[in-house]
Amino acid sequence: MSTATLETPAAHAARRNRPFAWVEQSLTLAWRNIVRIRQNPEALADVTFQPIIFLVLFLFVFGGAVAQGGTWRDYLPFLLPGLLVQTVVFSTMGTGVALNDDFAKGVFDRFRSLPIARVAPLIGAVLGDAVRYTLSIVILMTTGFVLGFRFGNGIGNGLLACLIVLAFALSLCWIWVWLGLKLKTAQGVQGIAFLVMFPLTFGSNVFVQTDTLPGFLQAFVNVNPVKYLVDTMRGLMLGGEVQKPLLITLAWMVGLVAVFAPLAIRAYRQRT
C-alpha cells in the first residue's frame, strides 16, 4: 500500500479541525439525509398525508361549531395558520426518532471514525430534516389554497410567516435531538414527544380563541410558546399585531437553541 494513502493521526485531526470545516461536513451529512429520504419515500407519510387529513377533519368537523353560526369557510382563515404551527411542531419529533434509530444501527460508530467535527452529524441531521418541514408547509398551504384560503396581508408577509414557522421548527427539534441521544429506544422518544406536544398544541389558540377557554387553561396558554407563534402567523398572514408575538417567538427560538443544542452535543460526545 502506498504511503500516500495513509493518514497520520495529526493529519486526521487537522482535517477535522480546520476552520469552518464543520460547515461543509454538516452540509454533506444533511445531503446524506435528503438522499435517504429519496430512497425511502414512505418516511414522508407523516408530513404529506397528515397535514391534509388534519386540515380536512378539523375544518369540516369543527368548522361550523367554532365559527359560531358561520360555515367552514369562515373558520378556514382562523384555522390554517394555527394548524400550520401544529403540523410543523409535530414533524420535529421525527428528527430525534431518526437519530435514535441511527445510533441503534451503528451509523454513528462509522461517523466517529471519520475526520469530521463532532457537531457535524447533529447539524446535518437537523438541516436534512428541514426538507421534511418545508414539504409539510408546502402541502398544507397548497391544500388551504385549494379550499379557498388567501393571504389577507400580502404574499410577502405570508411567505415570511412560513419562513418563521420553519425557523421555529429548526429550533424546537434540538429538544428531540437531545432526547434521541439520551433515551434508549425510538419508541421512547416518540412517546415523550407526544406527551409534550399534545398539551402545547391543543392547549393553545390553534383551534379556538384564548378568551373562550376556562381561566386555568388561559393561564397556561398565555405562557405557551405555541400561542405566540400562532399569533405571529395570523398577524402576518391575515393582518393584526405582529411585533410583540414575533419578539416573544424569537426569544423562545434563541432560548431553545441556547439550552438544548449544547445539551445535545454533550450527549452525543458521551455516547461516542
Side-chain angles (χ1 to χ4, degrees), residues 46-47 49-68 70-94 133 136-145 147-149 151-153 157-158 160-169 171-173 175-176 193-242 244-246 248-250 252-253 256:
D46 61 329
V47 297
F49 298 111
Q50 181 178 298
I52 299 173
I53 293 171
F54 272 28
L55 179 59
V56 171
L57 282 178
F58 286 117
L59 183 62
F60 291 105
V61 172
F62 300 121
V66 178
Q68 297 180 351
T71 68
W72 62 267
R73 291 183 178 84
D74 301 312
Y75 186 46
L76 177 62
F78 179 85
L79 174 66
L80 186 60
L83 197 59
L84 175 65
V85 172
Q86 186 199 53
T87 300
V88 176
V89 165
F90 268 88
S91 300
T92 60
M93 72 175 179
Y133 309 151
S136 178
I137 293 170
V138 170
I139 289 175
L140 182 62
M141 294 306 301
T142 301
T143 306
F145 284 129
L147 291 173
F149 178 85
F151 292 130
N153 199 28
N157 285 323
L160 177 60
C162 294
L163 290 176
I164 291 171
V165 77
L166 175 61
F168 185 87
S171 304
L172 180 66
C173 73
I175 297 178
W176 316 126
F194 274 116
L195 286 175
V196 173
M197 290 188 294
F198 265 97
L200 284 178
T201 55
F202 285 91
S204 70
N205 60 342
V206 168
F207 301 105
V208 297
Q209 295 284 3
T210 305
D211 57 13
T212 65
L213 300 171
F216 74 92
L217 192 52
Q218 287 188 34
F220 173 76
V221 172
N222 287 328
V223 296
N224 185 347
V226 169
K227 172 196 182 299
Y228 296 101
L229 180 58
V230 171
D231 286 342
T232 303
M233 296 301 101
R234 288 181 178 138
L236 288 171
M237 290 183 174
L238 306 174
E241 184 182 8
V242 173
K244 179 181 176 180
L246 177 59
I248 295 174
T249 298
L250 293 176
W252 272 101
M253 290 164 56
L256 289 170

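Keep in mind that what you see is a predicted model, and the values were worked out from it rather than measured. The analysis underlying the following values was restricted to heavy atoms, covering all of them including side chains, and did not include hydrogens, waters or symmetry mates.
Considering all non-hydrogen atoms of both residues, Thr210 and Asn222 come closest at CG2-OD1, 4.1 Å. Shortest non-hydrogen contact noted between Val206 and Phe78 is O-CE2, 4.0 Å. Between Val226 and Asn224, the shortest heavy-atom contact is N-OD1, 3.0 Å. Across Leu79 and Leu55, no two heavy atoms sit closer than the pair CD2-CD1, 4.0 Å.
Screening Thr249, Val221, Leu250 for a side-chain contact (heavy atoms from CB on, under 4.5 Å) with Tyr228, the sole residue that qualifies is Thr249. A side-chain contact (heavy atoms from CB on, under 4.5 Å) with Pro51 is found for exactly one of Ile137, Thr143, Val56, Thr87, namely Thr87.
Distance CE/Met93 to SG/Cys173: 13.5 Å, rounded to 0.5 Å. Here the CE-CD1 distance, from Met253 to Ile164, works out to 7.5 Å after rounding to the nearest 0.5 Å. Atom CD of residue Gln86 and atom CG of residue Leu229 lie 12.0 Å apart, to the nearest 0.5 angstrom. Atom CZ in Phe220 sits 11.0 Å away from atom CG in Leu213 (nearest 0.5 Å). Rounding to the nearest 0.5 Å gives a distance of 10.0 Å between CG of Leu76 and CZ of Phe145. Atoms CD1 and CD1, on Ile139 and Ile52 in that order, are 6.0 Å from each other to the nearest 0.5 Å.
Met237 places a side-chain heavy atom less than 4.5 Å from the side chain of Met141. For the pair Val242/Asn153, no side-chain contact is recorded, criterion being any heavy-atom separation below 4.5 Å from C-beta on. With contacts defined as side-chain heavy-atom distances shorter than 4.5 Å, the pair Thr71/Tyr75 does not qualify. Side-chain contact check for Ile248 versus Thr232: every heavy-atom pair is 4.5 Å or farther apart. Counting heavy atoms from C-beta on, the side chains of Val88 and Leu166 never come closer than 4.5 Å.
Checked against side chain to side chain donor-acceptor pair (under 3.5 Å), Asp231 has the following partners two or more places apart in sequence or in another chain: Asn205, Lys227. With sequence neighbours left out, Phe198 forms a ring-ring contact (aromatic ring centres under 6.0 Å, His included) with Phe90, Phe194, Phe202. Partners of Tyr133 according to the side chain to side chain donor-acceptor pair (under 3.5 Å) rule, which considers only residues two or more places apart in sequence or in another chain, are Thr95. Thr92 pairs by the side chain to side chain donor-acceptor pair (under 3.5 Å) definition with Trp176, not counting sequence neighbours. Leu195 is linked by a side chain to side chain contact (heavy atoms under 4.5 Å, CB included) to nothing, counting only residues two or more places apart in sequence or in another chain.
Here the side chain of Arg234 pairs no donor or acceptor atom with the backbone of Pro81 at under 3.5 angstrom. In this structure, Thr212 contributes its side chain and Val208 its backbone to no donor-acceptor pair below 3.5 Å.
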TODO: Take Leu200 and Val89 through the side-chain contact (heavy atoms from CB on, under 4.5 Å) test and state the conclusion after the steps.
DONE: CA-CA 9 Å; Leu200 284 178; Val89 165; 5.8 Å; no
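Under the 6.0 Å cut-off for aromatic ring centres, Phe49 and Phe54 do not qualify, their centroids lying 6.0 Å or more apart.
A salt bridge (Lys or Arg N to Asp or Glu O under 4.0 Å) check over residues 194-203, counting only residues at least two apart or in different chains, returns nothing.
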